[in-house]
Asker: 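The following block contains the structure, expressed as structure tokens.
Numbers here are sequence positions counted from 1. Counting starts at 1 for both ligands and their atoms, in listed order. Bear in mind the structure is a predicted one, so any value in this text is a computation, not a measurement.
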Amino acid sequence: MANNSQQTSQSIVVLGGGIGGVATANRLRRRLDRRHRVILVNRDQDFTFAASFLWVMSGKRKPSQVTHSLKSLEKKGIEVVIGNIEVIDPESRTITVDGKQIHADYMVVSLGIDYALDSVPGLKEAGETFATLDGAQKLSPAIKSFTKGKVLIVTAAPMYRCPAAPYESAFLIDEIIRTNKVRGHVEISIHSAEPGPMAVAGANVSQAVISLLADREINYQPSHQITSATKGTADFADGKSEAFDMLVYMPPIGLPTVLASSSLVGPSGWIEADRNTLSTSFPNVYAIGDNTQLPLSIGKPLPRAGVFAHAQALVVADNISASINGKDSTSSFDGHGGCFIETGFGKAGYGSGNFFAEPSPSVKIRQPSRRFHLSKVAFEFNVMKRWL
Ligand SMILES: Cc1cc2nc3c(=O)[nH]c(=O)nc-3n(C[C@H](O)[C@H](O)[C@H](O)COP(=O)(O)OP(=O)(O)OC[C@H]3O[C@@H](n4cnc5c(N)ncnc54)[C@H](O)[C@@H]3O)c2cc1C
């Protein structure tokens with residue numbers, strides 16, 4: 001509903017400078033006149049684009065190409081505060097950043113996740129991940145010089161960011177090993193904690209990815225939860241052990257520490273925002289992206305992916321700016337989204353559809369092609385060059 005607050009200056013504080021936060025701040029700035037303040041708060045100076053970490057791993061990108069200073073948003077009239085959010089009080093819409101309080105008329109929470117590395121003992125010592133920029137950088141030379149033995153890729157919990165990413169890592173590792181002409185001496189296996197690749201998207205999508213893995217002679221074992229790792233051996237919940245020469249993992253996730261102690265968190269252990277408006281139970285407080293848990297008809301949550309954080313950001317920014325501008329707000333997140341699945345050799349597949357469909361998500365997968373790979377590159381360009 002429209003309100004009459006448009007006469008006074010309003011401040012919108014966006015918590016988090018990742019995909020959701022940057023998209024929200026940009027959209028708000030475009031929709032609101034300069035009387036109103038858009039403030040973005042992030043711990044690190046830089047925005048990093050996680051979808052491109054796999055290209056850092058495969059040597060196709062340098063870290064500087066997937067990193068950008070958030071301060072560049074100030075040119076657009078967005079105030080950027082770099083600091084650690086220590087306390088969030090959604091009732092008074094006040095946050096504490098490095099000891100200083102900031103009050104908001106509207107608050108958008110997009111703080112992502114923290115990696116819960118200690119939930120699998122030995123994992124971080126025995127293996128390396130492509131899910132951080134540092135890890136992707138370390139993996140790059142290690143994979144390039146890998147000439148013989150077994151690469152074991154694991155998803156260390158059924159729930160993680162970007163359902164496609166671990167499978168993309170397997171295809172890209174296979175590409176490097178084949179390009180180096182040592183594939184005959186290297187075994188690549190992926191063991192997933194979840195029952196199938198991108199399982200929330202349905203059996204057809206899972207089966208299509210399994211076929212692509214088989215085509216590339218990548219062994220796949222679903223529902224195989226890693227429980228611990230030591231140098232050279234991974235142990236699984238069914239009592240089996242697997243030897244490896246290189247362990248690559250997708251880390252388990254948990255809520256960022258600052259949220260874990262806040263009243264925003266619901267019984268699921270995540271922020272349970274309204275799945276269409278992303279509003280929380282606190283007036284004028286919204287939550288988007290990976291820190292939310294949005295229910296699907298199949299009893300599982302919406303996958304955590306940048307494409308959804310982005311779409312939700314636009315909905316929230318449109319509704320906040322409509323409210324401030326005294327207009328009716330009608331924007332709603334409808335559960336549609338798509339995700340590229342990079343398969344190497346300059347190709348990507350594409351899975352897209354309606355995750356809110358009844359009685360189950362309606363998602364189609366398109367076979368790998370050059371076109372989808374180029375679309376993924378174009379999306380990266382858009383984020384790195386236009387958003388920041
Ligand atoms: C390897 C990999 C590949 C991926 N590929 C894709 C893909 O192809 N397509 C896709 O859609 N998604 C992909 N994703 C997922 C995507 O990156 C996330 O879903 C997306 O970044 C979520 O956006 P967000 O705004 O919720 O969180 P984030 O982008 O993680 O942003 C959260 C921000 O909050 C900051 N923060 C956290 N706590 C604090 C605090 N206390 N104080 C201050 N700041 C704080 C963080 O530093 C961070 O900058 C991929 C992820 C990975 C790891």
Side-chain angles (χ1 to χ4, degrees), residues 13-25 40-58 61 66-68 70 80-88 95-98 102 108-115 129-133 135-136 139 155 159-169 172 198 248-251 253-262 270-271 273 278 287-294 302-313 316 337-342 348-352 372-373 375-377 379-380 383 387:
V13 179
V14 180
L15 282 59
I19 293 276
V22 171
T24 306
L40 180 135
V41 187
N42 195 63
R43 187 165 35 210
D44 309 308
Q45 291 273 351
D46 291 331
F47 169 90
T48 51
F49 188 49
S52 295
F53 291 175
L54 288 163
W55 285 333
V56 172
M57 179 194 81
S58 65
R61 295 288 182 280
V66 303
T67 306
H68 204 293
L70 284 166
V80 177
V81 176
I82 302 299
N84 188 39
I85 302 167
E86 297 153 334
V87 181
I88 303 170
I95 58 171
T96 309
V97 184
D98 293 338
I102 302 177
V108 182
V109 185
S110 190
L111 290 171
I113 50 87
D114 275 353
Y115 290 127
T129 184
F130 48 80
T132 63
L133 185 53
L139 277 172
T155 66
M159 193 200 285
Y160 50 85
R161 295 163 97 199
C162 188
Y167 301 95
E168 294 180 285
S169 81
L172 293 177
M198 303 166 74
V248 178
Y249 62 89
M250 184 51 136
I253 55 171
L255 204 64
T257 320
V258 64
L259 281 174
S261 57
S262 113
W270 298 88
I271 307 177
L278 290 314
I288 61 171
D290 287 1
N291 57 197
T292 61
Q293 178 111 308
L294 305 186
L302 182 74
R304 288 172 168 82
V307 61
F308 296 127
H310 176 216
Q312 293 159 11
V316 166
C339 170
F340 299 105
I341 307 148
E342 189 72 2
Y350 186 58
S352 66
F372 291 131
H373 167 74
S375 302
K376 185 163 179 153
V377 174
F379 182 65
E380 177 197 49
V383 172
W387 289 20

Asker: Parallel, tilted or perpendicular, judged at 30° and 60°: which one describes the rings of Phe372 and Phe340?
Answerer: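 Judged by the thresholds at 30° and 60°, the geometry between Phe372 and Phe340 is tilted.
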Asker: So if I apply the side chain to side chain contact (heavy atoms under 4.5 Å, CB included) rule between Leu15 and each of Asn42, Ile85, Leu40, Leu259, which one comes out positive?
Answerer: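 Only match with Leu15 under side chain to side chain contact (heavy atoms under 4.5 Å, CB included): Ile85.
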Asker: To the nearest 0.5 Å, what is the distance between CD (Glu342) and OG (Ser169)?
Answerer: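 Answer rounded to 0.5 Å: 12.0 Å.
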Asker: Check Asn291 against Gly112 and note the closest heavy-atom contact, atom names and distance.
Answerer: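 Between these two residues, the closest heavy atoms are CB-O, 3.3 Å.
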Asker: Ligand 1: which protein N/O atoms lie under 3.5 Å from its N/O atoms?
Answerer:
from, atom 1, to, atom 2, distance (Å)
ligand 1, 8 (O), Lys376, NZ, 3.4
ligand 1, 11 (O), Gly306, N, 2.9
ligand 1, 11 (O), Val307, N, 2.8
ligand 1, 12 (N), Gly306, N, 2.9
ligand 1, 19 (O), Asp290, OD1, 2.9
ligand 1, 19 (O), Asp290, OD2, 3.1
ligand 1, 19 (O), Ala305, N, 3.4
ligand 1, 19 (O), Gly306, N, 3.0
ligand 1, 21 (O), Arg161, NH2, 3.3
ligand 1, 25 (O), Gly20, N, 2.8
ligand 1, 25 (O), Ser110, OG, 2.8
ligand 1, 26 (O), Asp290, N, 2.8
ligand 1, 29 (O), Ile19, N, 3.2
ligand 1, 30 (O), Arg161, NH2, 3.0
ligand 1, 38 (N), Arg43, NH2, 3.3
ligand 1, 41 (N), Asn84, OD1, 3.2
ligand 1, 41 (N), Ile85, O, 3.1
ligand 1, 42 (N), Ile85, N, 2.9
ligand 1, 44 (N), Arg43, N, 3.0
ligand 1, 49 (O), Asn42, OD1, 2.7

Asker: Just jot down the salt bridge (charged side-chain N to carboxylate O under 4.0 Å, His left out) partners of Arg304, sequence neighbours excluded, or say none.
Answerer: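 Partners of Arg304 by the salt bridge (charged side-chain N to carboxylate O under 4.0 Å, His left out) criterion come out as none, since no residue qualifies.
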Asker: Show the nearest heavy-atom pair for residues Ser352 and Gly338, with the distance to one decimal.
Answerer: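 So the two residues come closest at CB-CA, 3.6 Å.
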